[in-house]
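Sequence lines set the chain letters: A, B, ... in the order given, protein chains first and strands last, and positions in each chain run from 1.
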Amino acid sequence: MKRNPVTQIVGVLLILIFASLLFTFQVRTTEVVVVTTFGKATRPETEPGLKWRWPWPIQQLHRFDKRVHNFESPFEQALTSDGFTLLLSVYAGWSISDPVIYLERFGDSSRKAEESLEGLVRNANTIVGKHPFSSFVSTVPTEIKFTDIEREMLARVQDEVSTNNYGIKVSFLGIKQLGLPESVTKLVFERMQSERQVKVAEIESDGRNKAAQIKSGADLESSKILSQADARALAIKGEAEKAAADSLKVFKQEPELAIFLLKLGALETFLKERSTLILDQSTPPVDLLRNQVLPEAKK
Amino acid sequence: MSELEKNSPVPVAPKPALSESAEDARTQALSDALRSSFAIVKVILIALVLVFLGSGFFVVDPQYKAIVLRFGQPTGGADGELLGPGFHWAFPAPIDEVVMIPVSQVQSVNSTIGWYATTATQEATRTEPPPRDSLNPATEGYLLTADANIIHARGTLRYRIAEPGLRYEFGFVDASNLVQNAFNNALVYAAARYTVDDALTRDVTGFREQVRARFEQLAAAQGLGITVEQIDNMQVLPPRILAPAFDAVLEAGVKSGQALNEARKYEAETTNAAWSGAAVRVNAAENAGVRLTNSIAAEALRFLDNLVDYRGNPELFRRRFQADALGRVLGNAQDKILIPDRIDGRARELRLQLNREPEKPRTVVKDEHGH
């Protein structure tokens, strides 16, 4: 019987597709697959690509996400070494390191794995008790051991993960949030309130003091400037008088004449404006009028 | 009789001629129908194959890069071969899988672990719940500062996936959550190093830079495979219940600044007045000095000019100059009073009433009753 080649090709293709569905599976680059044969884990496939398998029910596939998972712990209370109560929430990046063990411990549920991890992180919170409060928050940068504490907690969690053989690894751990018990926050608010009041008083008095210093400094500077100016003026006057004294030497030739001329000059200057002169008839040149009959006198 | 009937050992009953011809026709029709069906099936198969192959075409948008996973494995080696924007083809699923990575797209995460609890409606209407005198850490976010005080802070981190982007896309279950947690950690870390006043007012920029530095350090250490663009929408506030107390500090600062400005104004005015006063005094002294020197010099010159005449007849010289001077003085005087000699030759008594300023009449203030 003559077969149609197209029919043959289609048939072969269908058989291949069906066979590939039964005998192969893909491992995505983000996945890890554990192959179980009659329920027993026989091989993990960690590398991506096309893999062989026996069809169900001989072999079964368990797929897991091998990427780094984000874990966040709830607030946990811990005591610092100096007796302060601190609330702490951390986050961590974890991934599957041994898929076979992971399957045995947690099945196909990553939630169970995170519940176990939460317990380990809670245990690691005891690290807080080895450090004082100032290792978390402090105005002295050298006192803060934030990163060291995170590192210690990570080491503790990694140790416990390894000891418990969970088939996971924790790559990093960080503090997500720090807090105080609610009752303590109330006390902190009261302290902050009083600090603000002190600060207001400090700022106001500081402002007043600085303003007073500036004003008194200005007055002092002003006095210095004026006294220096007075000294300078005095010096100028002295220099002028010295120069005048040199000129006065000529007066020694005839002191009487000099005095007479100076007196005349002074008199003219003195009586220059708005002066009232009361003269009797003995004063020259009015004395020329003596023994003359004045019109008013006649009356 | 047919050939079959002739060769058959069993005698076959003869069929009617009409029935045979009808069966041939049906067979022929069935054969034709099958041939037609096969032809249709072939066309459909070819069409399906074409559709299957055509479904492998895809477009990469400008903000994305694409990577093809063949049987789950990135093509192009360990780093993968990234396909840029444009038209591409890959084998359809399940052979190939195209993963779009938003490499050029700016992404953002918000940190609210340090912010008080608000609802979306309150955010939209810019309202907030009434402040409380304590904070429940389970519901209210806040940060502890270096001086063990409490502040509220939140911000937005904008970042891009660093090329080739495989680490961000294939390395984490939900990379944006890890980015957000690293951002949260950076805020907690920075607040633990800054006092409340530094974080709120004195060094806001430094606080933000500390957040960014810590975040970049964490992103590198955790291999998040991202590049930070910026941190914005950063808000740092004191606890809301203490807002009036913090406002009072700001007001005190403003008042103090005003007092200082007034003092500086006084300083400037006083100093300038002193400088100008000093200049006046020095100039006056110089002026007086010059006048003194010149006047003495003039007097000396006058003295020398008149010395010879004076020595010739001192009395005549004196009287002449005296008369001239009195003439000028009398000419300039505002009032001149000449008191004649008494007839009996006795001295005349003259009484003067001197008063600097005339007395002002007193102003009588009356009340509303006129008293």
Side-chain angles (χ1 to χ4, degrees), chain A residues 26-30 48-50 65 67-70 75 87 91 137 139 172 174 176-179 182 185-186 188 192-193 196 199-200 203-204 207 210-211 214-215 218 221-222 225-226 229 232-233 236-237 240 243-244 247 250 254 257-258 264 271 274-281 285 297, chain B residues 71-74 113 133-137 144 146-147 149-150 170 172-174 177-178 181 184-185 188-189 192 222 242 245 248-249 252-253 256 259-260 263 266-267 270-271 274 278 281-282 285-286 289 292-293 296-297 300 303 307 310 323 325 329 332-341:
Chain A
Q26 284 187 25
V27 179
R28 201 173 182 265
T29 190
T30 58
L50 195 64
D65 201 324
R67 295 178 292 178
V68 176
H69 296 246
N70 177 44
F75 259 130
L87 299 175
Y91 73 99
V137 295
T139 51
F172 52 84
K176 182 189 163 192
Q177 205 170 355
L178 279 177
E182 187 173 357
T185 61
K186 192 172 184 178
V188 171
M192 288 176 78
Q193 176 89 33
R196 293 300 104 184
K199 214 159 190 61
V200 167
I203 289 171
E204 284 177 350
K210 281 183 179 167
I214 290 170
K215 284 183 177 176
E221 182 67 18
S222 171
I225 291 166
L226 288 175
R232 174 76 186 133
I236 290 168
K237 200 173 173 184
S247 298
V250 297
E254 196 64 62
L257 173 61
L264 284 181
L271 298 174
R274 298 185 62 189
S275 53
T276 300
L277 285 179
I278 301 170
L279 307 168
D280 63 7
Q281 286 183 305
Chain B
F71 297 119
Q73 190 169 21
I113 52 131
D133 62 352
S134 63
L135 293 176
N136 178 3
L144 294 180
D147 47 357
N149 285 325
I150 286 172
F170 300 133
F172 305 99
V173 174
D174 190 347
N177 276 357
L178 282 168
N181 275 331
N184 291 337
N185 180 286
V188 173
Y189 180 89
Q222 296 169 7
L242 297 178
V249 174
S256 176
L260 285 176
Y266 173 83
E267 180 185 33
T270 309
T271 312
R281 292 184 191 191
V282 171
E286 283 179 350
L292 177 68
T293 312
I296 295 294
F303 173 83
L307 183 60
Y310 178 79
V329 166
N332 289 334
Q334 190 175 357
D335 297 309
K336 296 173 274 287
I337 300 168
L338 180 63
I339 302 170
D341 294 338

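T185(A) places a side-chain N or O within donor-acceptor distance of the main-chain N or O of L135(B), the cut-off being under 3.5 Å.
Per-residue heavy-atom pair counts under 4.5 Å with chain B were compared for K215(A), E221(A), R232(A), and the maximum is reached by K215(A). Taking chain B as the reference chain and counting heavy-atom pairs below 4.5 Å, the highest number among A243(A), G174(A), A229(A) is found for A229(A). Ranked by heavy-atom pairs shorter than 4.5 Å toward chain B, the options I214(A), I203(A), L257(A) are led by L257(A). For chain B, the option among L178(A), D65(A), T30(A), L226(A) with the highest count of heavy-atom pairs below 4.5 Å is L226(A). Contacts with chain B were tallied for V200(A), L87(A), L271(A); V200(A) has the most, counting heavy-atom pairs under 4.5 Å.
Nearest approach of A300(B) to V250(A), heavy atoms of both residues: CB-CG2, 3.5 Å. When all heavy atoms of A211(A) and A259(B) are compared, the closest pair comes out as CB-O, 3.7 Å. E204(A) and A252(B) make their closest contact through CG-CB, 4.0 Å (heavy atoms, listed as atom of the first residue, atom of the second, distance).
Rounding to the nearest 0.5 Å gives a distance of 13.0 Å between CD1 of I236(A) and CG of L292(B). Taken to the nearest 0.5 Å, the NE2 atom of H69(A) stands 12.5 Å off from the CG atom of N177(B). Interatomic distance, CG of D133(B) versus NZ of K186(A), reported as 4.5 Å (0.5 Å rounding). If you take CZ on R196(A) and CG on N149(B), they are separated by 7.0 Å, rounding to the nearest 0.5 Å.
Residues K336(B) and L279(A) form no side-chain contact, since every pair of their non-hydrogen atoms from C-beta on lies 4.5 Å or further apart. Under the 4.5 Å side-chain criterion, counting only non-hydrogen atoms from C-beta, F172(B) is not in contact with N70(A).
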Please lay out, stage by stage, how Q177(A) and N184(B) fare under the test side chain to side chain contact (heavy atoms under 4.5 Å, CB included).
CA-CA 7 Å; Q177(A) 205 170 355; N184(B) 291 337; over 6 Å; no
Please step through side chain to side chain contact (heavy atoms under 4.5 Å, CB included) for the pair L178(B) and F172(A), ending with a clear verdict.
CA-CA 11 Å; L178(B) 282 168; F172(A) 52 84; 3.7 Å; yes
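Only the backbone of V27(A) has a heavy atom closer than 4.5 Å to any heavy atom of chain B. Both the backbone and the side chain of F170(B) come within contact range of chain A, judged by heavy atoms closer than 4.5 Å.
A side-chain N or O of S134(B) and one of E182(A) form a donor-acceptor pair less than 3.5 Å apart.
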